[in-house]
Amino acid sequence: MRARTTTISFWVFVAGLLCGGYVLARDLVPRLADSGAALAVAAPIIVIAAALIAVIIWALDRSHAQVRSAWALAFAWGAIGACGLALQVNGFASDAVSDVLDDPGATVWGAALIGPLDEETIKGAGVALLLVIFRDRLHRPLQIFAVGAFAGLGFQVVENLSYAITFALRDAQSDARGALTVTLLRALFGFQSHWVYTAFFALGLALLRRRPALAAVAVALSYLMHFWWNAPSGENPLVVFGLIVLKCAVTVTLLGLAWWWMIVEQRRWLQGAIRTPEAAKLAPPAELATLPTRAQRRAGEEYLRYYYGPAAAQVARQRQTWLIRELTDRVG
């Protein structure tokens, strides 16, 4: 890690964190004191929802070469750097939109026009810096997708906290009820928001060199999904609810399709990686042949369990994970 701190990208990343932290301390922290009781109700829900999403991201990253330090820095960027910078930029952009669009156009379409453009760009910029900082460790789309997801999750946590504070102060009858209502709604229907958008942006960055057309599609989807989520849905409650459900369904479907593609791509890559000279230095061909798919890995474990016992199967599982991680670092 010490070598990473000597790069320009690392210090640009740190500067972004400091700038974002300053804006949050200036604009968000003073409001915390005015809504302490409401936050005591909302914060556990926000934390539990974030923890569940973190487990989902962990489960989706089937690369067996997770870079946990990159996850932590990505979360910090989303929560501090991206949130603070976006808060500042959103203020300037809102003024610009108000100058161009008359009311009610600016009020109705402001969030859809401003949020996706600056928030996804700022979150994505942090992910891009992390890809440079960890360029020796982050190679596979599954890995990079997870880093982007954690950046989006950090942003999502602080944004949910901000909404809880805003609605707590807005509710004239009960701060706690205002915070609890918006927090539950965002946990229920917004579970597939920022972490998915930024994961798609990160996937685009992962594909930029090898498949630029597919990379453009992934980045465009990050903006479009965010835009569609923020777009006005009218005033009819049934229409609003129906559109929310549809938006959730479309986002989850796109997430599933992207994950399936990444799993297939990972298998193809492993099938080629086990035939490289680097792989030959790590293990015999018979052991390497068990790596490409989960079924093959389990079959190899079962073979050893049957003939040599559970201890041998456990060692084989550890060896498989180690081999995939080494191939990822050496072959990319």
Side-chain angles (χ1 to χ4, degrees), residues 12-13 15-17 19-20 22-24 27-28 74-75 77-131 144-145 147-163 166 186 189-190 192-208 212-233 243-244 247-248 250-251 254-255 258:
V12 172
F13 184 88
L17 285 178
C19 291
Y22 168 77
V23 176
L24 289 179
D27 296 350
L28 187 61
F75 186 91
W77 174 262
I80 302 172
C83 267
L85 293 173
L87 185 63
Q88 185 69 48
V89 174
N90 280 346
F92 297 141
S94 296
D95 294 339
V97 170
S98 297
D99 291 339
V100 174
L101 297 178
D102 295 329
D103 285 333
T107 303
V108 174
W109 286 98
L113 295 173
I114 297 169
L117 186 59
D118 60 13
E119 291 172 9
E120 296 311 318
T121 302
I122 294 170
K123 288 183 293 177
V127 174
L129 289 171
L130 287 173
L131 296 188
I144 297 170
F145 190 86
V147 171
F150 272 103
L153 179 59
F155 191 98
Q156 194 167 317
V157 167
V158 176
E159 186 179 69
N160 286 347
L161 183 64
S162 176
Y163 269 85
T166 299
R186 290 181 69 82
F189 295 110
Q192 38 66 64
S193 60
H194 282 284
W195 72 273
V196 179
Y197 310 151
T198 315
F200 268 83
F201 196 106
L203 179 59
L205 295 177
L207 300 174
L208 193 57
L214 202 56
V217 171
V219 172
L221 282 174
S222 72
Y223 286 107
L224 289 173
M225 285 188 290
H226 196 166
F227 171 81
W228 193 31
W229 181 259
N230 284 7
S233 302
L243 281 174
I244 288 175
K247 291 174 182 179
C248 291
V250 170
T251 302
L254 290 172
L255 173 63

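In what follows, every heavy atom counts, from backbone to side chain, and hydrogens, waters and symmetry copies are set aside.
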Original post:
Can Trp195 and Leu255 be said to form a side-chain contact (heavy atoms from CB on, under 4.5 Å), step by step?
Top reply: CA-CA 11 Å; Trp195 72 273; Leu255 173 63; 3.6 Å; yes
Original post:
Can you name the residues that form a side chain to side chain contact (heavy atoms under 4.5 Å, CB included) with Ala199, not counting sequence neighbours?
Top reply: Phe145, Ala149
Original post:
What residues form a side chain to side chain contact (heavy atoms under 4.5 Å, CB included) with Val23, not counting sequence neighbours?
Top reply: Arg26, Asp27, Leu87, Gln88
Subject >> With Phe155 via ring pair (Phe, Tyr, Trp, His ring centres under 6.0 Å) - residues at least two apart >> reply: His194
Subject >> Qualifying residues under salt bridge (Lys or Arg N to Asp or Glu O under 4.0 Å), relative to Glu119, sequence neighbours excluded >> reply: none
Original post:
With side chains defined as the heavy atoms from C-beta onward, is the minimum distance between Val158 and Leu28 less than 4.5 Å?
Top reply: yes
Subject >> Candidate pair Trp229 and Ile244, rule side-chain contact (heavy atoms from CB on, under 4.5 Å), full reasoning >> reply: CA-CA 8 Å; Trp229 181 259; Ile244 288 175; 4.1 Å; yes
**OP:** Please collect all salt bridge (Lys or Arg N to Asp or Glu O under 4.0 Å) contacts where either partner lies in residues 216-232, sequence neighbours excluded, each pair once.
**Re:** none
Original post:
Taking the six-membered ring for Trp, are the ring centroids of Trp77 and Phe13 within less than 6.0 Å of each other?
Top reply: yes
Original post:
side-chain contact (heavy atoms from CB on, under 4.5 Å) between Leu221 and Tyr197: does it pass, once the steps are laid out?
Top reply: CA-CA 8 Å; Leu221 282 174; Tyr197 310 151; over 6 Å; no
Subject >> Partner set under side chain to side chain contact (heavy atoms under 4.5 Å, CB included) for Thr121, not counting sequence neighbours >> reply: Tyr223
Subject >> Atom pair CG/CD1 of Asn90 and Ile122 - distance to nearest 0.5 Å >> reply: 7.0 Å
Original post:
How far apart are the closest heavy atoms of Phe200 and Leu254, and which atoms are they?
Top reply: CZ-O, 3.4 Å
Original post:
Any idea which heavy atoms bring Pro116 and His226 closest together, and the distance?
Top reply: CA-ND1, 3.5 Å
**OP:** Kindly compute the distance separating CG (Leu203) from CG (Leu214), expressed to the nearest 0.5 Å.
**Re:** 7.0 Å
Subject >> Heavy-atom pair of closest approach, residues Ile144 and Ala206 >> reply: CD1-CB, 3.5 Å
Subject >> Gap separating the CG atom of Leu224 from the OG1 atom of Thr251, nearest 0.5 angstrom >> reply: 11.0 Å
**OP:** Please round to the nearest 0.5 Å and tell me the distance separating atom OG1 of Thr198 and atom CG of Leu153.
**Re:** 9.5 Å
Original post:
Can you name the closest pair of heavy atoms from Lys247 and Ala231 and give their distance?
Top reply: NZ-O, 3.4 Å
Subject >> For Gly78 against Ala82, the heavy-atom pair lying closest together >> reply: O-CB, 3.8 Å
Subject >> Approximate separation, where rounding is to 0.5 Å, of Cys19 SG and Ile80 CD1 >> reply: 12.5 Å
Subject >> Within 6.0 Å of CZ in Phe75, more than 12 heavy atoms from elsewhere >> reply: yes
Original post:
What is the distance from atom CG of Asn230 to atom CG of Leu117, rounded to the nearest 0.5 Å?
Top reply: 12.0 Å
Subject >> Between Ser222 and Glu120: side-chain donor-acceptor atoms closer than 3.5 Å >> reply: no
Original post:
Does a side-chain heavy-atom distance below 4.5 Å link Arg186 with Gln156?
Top reply: no
Subject >> Lys123 side chain reached by Phe201 side chain, heavy atoms, under 4.5 Å >> reply: no
**OP:** Search all heavy atoms of Gly148 against all heavy atoms of Ala202 and return the closest pair with its distance.
**Re:** CA-CB, 3.6 Å
**OP:** For the residue pair Leu207 and Pro212, establish whether any side-chain heavy-atom pair is separated by less than 4.5 Å.
**Re:** no
